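Structure first, commentary second.
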2 protein chains.
Amino acid sequence: MFDPQCPTRQLLDRIGTKWTSMAVKVLAEAAPHEVRFAELRRRMPGVSQKMLSVTLHSLIRDGLAARRVEPTVPPRVHYQLTDLGSSLEVPLAALRTWAEEHMAQIDRANATSDAQANPADRA
Amino acid sequence: MFDPQCPTRQLLDRIGTKWTSMAVKVLAEAAPHEVRFAELRRRMPGVSQKMLSVTLHSLIRDGLAARRVEPTVPPRVHYQLTDLGSSLEVPLAALRTWAEEHMAQIDRANATSDAQANPADRA
DNA sequence: CTGAATCCAACGCGATACTG
DNA sequence: CAGTATCGCGTTGGATTCAG
């Protein structure tokens, strides 16, 4: 590609992955409290152990979240958004609001397109 | 998945595809004027003919863009955002702004993580 | 409890060639 | 000019298994 450094592309590549935005949302809702791994899992229906782990480590690597381990056995691991992560939550929330307000319109547009493409499903 | 109907998931699946958000941006910048296919291609460096076509048809199917064909030969096809598409541009622009202001921080966080992971690349 | 490692199916998307 | 059709590679991410 011509500009893989385009900041918007880079950001969309991240929040476009399946669980990233949901993790940010759950962490943001819990803030300023930390959230444990298992609790995150419970609040993200459908996420697999592996993908939650991968997603969280991406957030940490990007400086969007922080990790704290209690050296007990078994260990307790806590996560929370950094200031950077919290600042991302703002435009992300705006996107969510738009989605909740307008996705129904998009669904209707799709239904209309389908109806025009297959006008004879009454066979 | 538990809730594939989650509006936010659906929206992110769309704008997460490689060219969708860029197409929306270009169309928004040109508004209220229409933009021809070739002109879109020129303004989206790196996009292939196929992916631009696929992207635009997705936008149309979702009711975010409209298509107008001049029945000349060769044909001229014009695109523009619908009101729905224009409304999406608002939160999308917010995301772009965030990206431009903060992606450098994310890059730095990544560099730091890499440095800690490979402290001995001076071999 | 919190992970890492492996395997594999599904999808995104780019290159290329063909059409009206 | 503005597409559509086909092919193939790389990546995403789910299931499963092993480990501290």
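Here the structure is a predicted model, which means the values were calculated and not measured. Letters A, B, ... are given to chains in the order of the sequence lines, protein chains preceding strands, and every chain is numbered from 1.
In this structure, Gln49(B) atom CD and dC18(C) atom C1' are separated by 11 Å, rounded to whole Å. Atoms CZ (Arg9(B)) and P (dT12(D)) sit 14 Å apart, rounded to a whole Å. Between the C1' atom of dC1(C) and the CG atom of Leu52(A) lies a distance of 13 Å, rounded to the nearest Å. In this structure, CG of Asp13(B) is placed 11 Å from P of dC13(C), rounded to the nearest angstrom. Per the geometry, CG belonging to Leu12(A) stands 11 Å off P belonging to dC13(C), to the nearest Å. In this structure, CG of Leu56(B) is placed 10 Å from P of dT4(D), rounded to the nearest angstrom. Taking atom CE of Met22(A) as the reference point, atom P of dG13(D) lies 12 Å away to the nearest angstrom. Atom CE in Met51(A) sits about 5 Å away from atom C1' in dG13(D), given to the nearest Å.
Dashed line: the shortest gap from a side-chain N or O of Arg36(B) to OP1 or OP2 of dC1(D) is not under 4.0 Å. Contact annotation: Lys18(A) reaches the phosphate of dG14(D) (side-chain N/O to OP1 or OP2, under 4.0 Å). Of the side-chain N and O atoms in Trp19(A), none sit less than 4.0 angstrom from OP1 or OP2 of dT12(D). The side chain of Ser53(B) contributes an N or O atom lying less than 4.0 Å from OP1 or OP2 of dT4(D).
Not one N or O on the side chain of Thr82(B) forms a donor-acceptor pair closer than 3.5 Å with the backbone of Ala66(B). Of the possible polar contacts, none joining the Trp19(A) side chain to the Val47(A) backbone as a donor-acceptor pair under 3.5 Å is found. Not one N or O on the side chain of Arg14(A) forms a donor-acceptor pair closer than 3.5 Å with the backbone of Ser58(A). Counting only distance, with no hydrogens or angles, the side chain of Arg41(B) and the backbone of Phe37(B) share no donor-acceptor pair below 3.5 Å.
Taking the side chain of Ala38(A) as heavy atoms from C-beta on, and the options dA2(D), dC1(C), dT16(D), the nearest nucleotide is dC1(C). Closest to the side chain of Arg67(B), out of dC7(C), dG3(D), dA2(D), is dG3(D). The side chain of His57(B) has dT4(D) as its nearest neighbour among dT4(D), dC13(C), dC1(C).
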Given salt bridge (Lys or Arg N to Asp or Glu O under 4.0 Å), test Arg96(A) with Glu100(A) step by step and report yes or no.
CA-CA 6 Å; Arg96(A) 267 185 234 112; Glu100(A) 287 159 12; over 6 Å; no

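Counting only residues at least two apart or on different chains, the salt bridge (Lys or Arg N to Asp or Glu O under 4.0 Å) pairs with a member in residues 64-79 of chain B are Glu34(B)-Arg68(B).
Between the side chains of Thr17(B) and Thr20(B), at least one donor N or O lies within less than 3.5 Å of an accepting N or O.
Listed by residue number, the members of residues 68-78 of chain A with any heavy atom below 4.0 angstrom from DNA chain C are Pro74(A), Pro75(A), Val77(A).
The residue among Lys50(B) and Gly16(A) whose nearest nucleotide of DNA chain D lies closer to the 5′ end is Lys50(B).
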